Enquirer: 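Dropping a structure here in structure tokens format, bear with me for questions.
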Amino acid sequence: MDREHYTKRSHKFPIEELTREAKAALKERGVTLQDIAKIVYQLQSAYVEELELETCMYHVTKVLEKREVVHAILTGIAIDKMVEEDRFPEPINTIIKHDEGLFGIDEILPLSIINLYGSIGLTNFGYLDKEKIGIIRELDRTKDNTVNTFLDDLIAAVAAAAASRLAHSV
């Protein structure tokens, strides 16, 4: 949706619209819900008998129906894109662009997602942040002019939250 559409409306958007926007933003950055579901499967298949990717996809979708989640995704992607365009002041633009190890703010935004599903979300997120499984690794290792400093951690948080949601449901 364009800026004019949003500025003419109330500041509170329907969650369905926000979810569509977040999914579109993820797709534009090369991330599918199936990519995230595969990570959830890897995290939970040893603990849930006969786990199917479809079940993981369901939990990913449910996580993406939370307002806090889509707000975090849209914010993080917007920051990454603005840094790609050198629209942040220095030195912060370079710090984010190079995903400096001690920056840490890129891990703070995802905490709003993982905190929705209890302490298991935090341990799952820590594991994914360290191991960089699946699409998280691809995003982290992108070497062209694409910046994924926030996106890789947000994907880890969504996967961690979905895995936690799944664990709480069995």
Side-chain angles (χ1 to χ4, degrees), residues 18-66 68-81 83-84 96-170:
L18 288 171
T19 300
R20 272 193 309 276
E21 291 293 322
K23 288 177 181 178
L26 290 170
K27 186 176 180 182
E28 178 185 308
R29 302 298 282 188
V31 178
T32 68
L33 299 189
Q34 187 166 3
D35 292 330
I36 302 170
K38 288 176 183 177
I39 297 168
V40 174
Y41 183 86
Q42 270 191 270
L43 288 173
Q44 291 298 305
S45 61
Y47 308 105
V48 179
E49 275 188 46
E50 300 178 27
L51 180 62
E52 296 179 1
L53 190 60
E54 181 179 312
T55 303
C56 299
M57 185 73 106
Y58 170 79
H59 289 283
V60 169
T61 301
K62 295 310 272 183
V63 168
L64 287 173
E65 292 175 357
K66 296 284 223 180
E68 300 94 323
V69 174
V70 293
H71 286 170
I73 289 169
L74 293 172
T75 300
I77 289 174
I79 292 170
D80 283 346
K81 288 167 91 173
V83 168
E84 285 174 4
I96 295 171
K97 188 176 277 187
H98 296 287
D99 198 3
E100 288 190 17
L102 294 177
F103 176 58
I105 305 303
D106 54 322
E107 277 92 15
I108 299 301
L109 187 58
L111 290 178
S112 65
I113 297 172
I114 59 173
N115 284 334
L116 295 171
Y117 294 98
S119 60
I120 191 172
L122 184 60
T123 56
N124 282 335
F125 177 72
Y127 174 77
L128 291 174
D129 188 44
K130 182 165 178 42
E131 295 299 318
K132 310 279 190 216
I133 295 171
I135 189 71
I136 300 166
R137 173 171 282 146
E138 291 175 38
L139 293 169
D140 185 60
R141 293 186 175 171
T142 301
K143 295 298 182 204
D144 59 8
N145 291 326
T146 304
V147 174
N148 293 317
T149 300
F150 281 84
L151 183 58
D152 65 336
D153 293 315
L154 288 164
I155 298 307
V158 170
S164 301
R165 190 178 192 287
L166 173 61
H168 285 291
S169 73
V170 292

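Just so it is clear, the structure is predicted and the values come from calculations on it, not from any experiment. What you see below is based on every heavy atom in this structure, not just the backbone, and it leaves out hydrogens, waters and symmetry mates.
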Enquirer: Which atom pair, heavy atoms only, marks the closest approach of Ala72 to Leu109?
Expert: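 In this case the closest contact between Ala72 and Leu109 is O-CD2, 3.6 Å.
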Enquirer: Determine which pairs satisfy side-chain hydrogen bond (donor to acceptor under 3.5 Å, both in side chains) with at least one residue from residues 34-45, sequence neighbours left out, and list them in order.
Expert: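 Passing the test, one end in residues 34-45: Thr32-Asp35.
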Enquirer: How many angstroms lie between OG1 in Thr19 and CG in Leu74, if you round to the nearest 0.5 Å?
Expert: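 It is 9.0 Å, given to the nearest 0.5 Å.
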Enquirer: Of the non-hydrogen atoms in Ile96 and Phe103, which two are nearest, and what is the gap between them?
Expert: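 Smallest heavy-atom distance, with atoms named: CG1-CZ, 3.6 Å.
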Enquirer: List the steps, then state whether side-chain contact (heavy atoms from CB on, under 4.5 Å) holds for Leu33 with Lys23.
Expert: CA-CA 8 Å; Leu33 299 189; Lys23 288 177 181 178; 3.7 Å; yes
Enquirer: Find the distance between CG (Asp106) and CG (Leu154) and round it off to the nearest 0.5 Å.
Expert: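 Asp106 atom CG to Leu154 atom CG measures 9.0 Å (nearest 0.5 Å).
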Enquirer: Can you sort out the partners of Asn145 under side chain to side chain contact (heavy atoms under 4.5 Å, CB included), two or more places apart, ordered by chain and number?
Expert: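 Per chain and number, Asn145 pairs via side chain to side chain contact (heavy atoms under 4.5 Å, CB included) with no residue.
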Enquirer: To the nearest 0.5 Å, tell me how far His59 NE2 sits from Glu54 CD.
Expert: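 CD of Glu54 is found 11.0 Å from NE2 of His59.
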Enquirer: So do Leu43 and Leu128 actually touch side chain to side chain, heavy atoms under 4.5 Å?
Expert: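 When only atoms from C-beta onward are counted, Leu43 and Leu128 do touch, with a gap below 4.5 Å.
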Enquirer: How close do Ala22 and Ile73 get, counting heavy atoms only, and between which atoms?
Expert: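 Shortest heavy-atom separation between Ala22 and Ile73 comes out as CB-CG2, 4.2 Å.
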Enquirer: For the residue pair Leu151 and Asp80, what are the closest heavy atoms and their distance?
Expert: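 For Leu151 and Asp80, the tightest heavy-atom pair comes out as N-OD2, 3.0 Å.
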Enquirer: What's the shortest heavy-atom distance between Val60 and Val158, and which atoms?
Expert: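 Between these two residues, the closest heavy atoms are CG1-CG1, 4.3 Å.
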Enquirer: Can you confirm whether His71 sits close enough to Ser112 that some side-chain heavy atom of one is under 4.5 Å from a side-chain heavy atom of the other?
Expert: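 No - every pair of side-chain heavy atoms lies 4.5 Å or more apart.
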Enquirer: Once you round to the nearest 0.5 Å, how far does CG of Asp140 lie from CG of Asp152?
Expert: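 If I round to the nearest 0.5 Å, the distance is 5.0 Å.
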Enquirer: More than 12 heavy atoms of other residues, nucleotides or ligands under 6.0 Å from CD of Glu52: is that the case?
Expert: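 No, the 6.0 Å shell around CD holds no more than 12 heavy atoms from other groups.
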Enquirer: Test your reading of the model: is there a side-chain donor-acceptor pair from Asp129 to the backbone of Phe125, 3.5 Å cut-off?
Expert: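 No, Asp129 side chain to Phe125 backbone: no donor-acceptor pair under 3.5 Å.
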Enquirer: Between CZ of Phe150 and CG of Leu139, what distance do you get to the nearest 0.5 Å?
Expert: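 Nearest 0.5 Å value for the CZ-CG distance: 14.5 Å.
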Enquirer: I'd like to know whether Ile120 forms a side-chain contact (heavy atoms from CB on, under 4.5 Å) with His168, so could you lay out the CA-CA distance, the side-chain angles of the two residues, the decisive distance to 0.1 Å, and finally the verdict.
Expert: CA-CA 9 Å; Ile120 191 172; His168 285 291; 3.8 Å; yes
Enquirer: For the atom pair CD1 (Ile136) and CG (Asn148), what is the distance rounded to the nearest 0.5 Å?
Expert: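 One finds 12.0 Å between CD1 of Ile136 and CG of Asn148.
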Enquirer: With sequence neighbours excluded, give me every salt bridge (charged side-chain N to carboxylate O under 4.0 Å, His left out) pair touching residues 24-34.
Expert: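 The answer is Glu28-Lys81, Arg29-Glu84.
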Enquirer: I need the minimum non-hydrogen distance between Asn124 and Ser164, along with the two atoms involved.
Expert: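 Where Asn124 meets Ser164 most closely, the heavy atoms are ND2-OG, 3.4 Å.
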Enquirer: Assess the residue pair Val40 and Leu51 against the criterion (side-chain contact (heavy atoms from CB on, under 4.5 Å)); give the C-alpha distance rounded to whole Å, side-chain angles, the decisive distance to 0.1 Å, and a yes or no.
Expert: CA-CA 10 Å; Val40 174; Leu51 180 62; 5.8 Å; no
Enquirer: With side chains defined as the heavy atoms from C-beta onward, is the minimum distance between Leu111 and Ile108 less than 4.5 Å?
Expert: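 Side-chain contact under 4.5 Å: yes.
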Enquirer: Is there side-chain contact between Leu116 and Val63, with heavy atoms separated by less than 4.5 Å?
Expert: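 Leu116 vs Val63: side chains apart.
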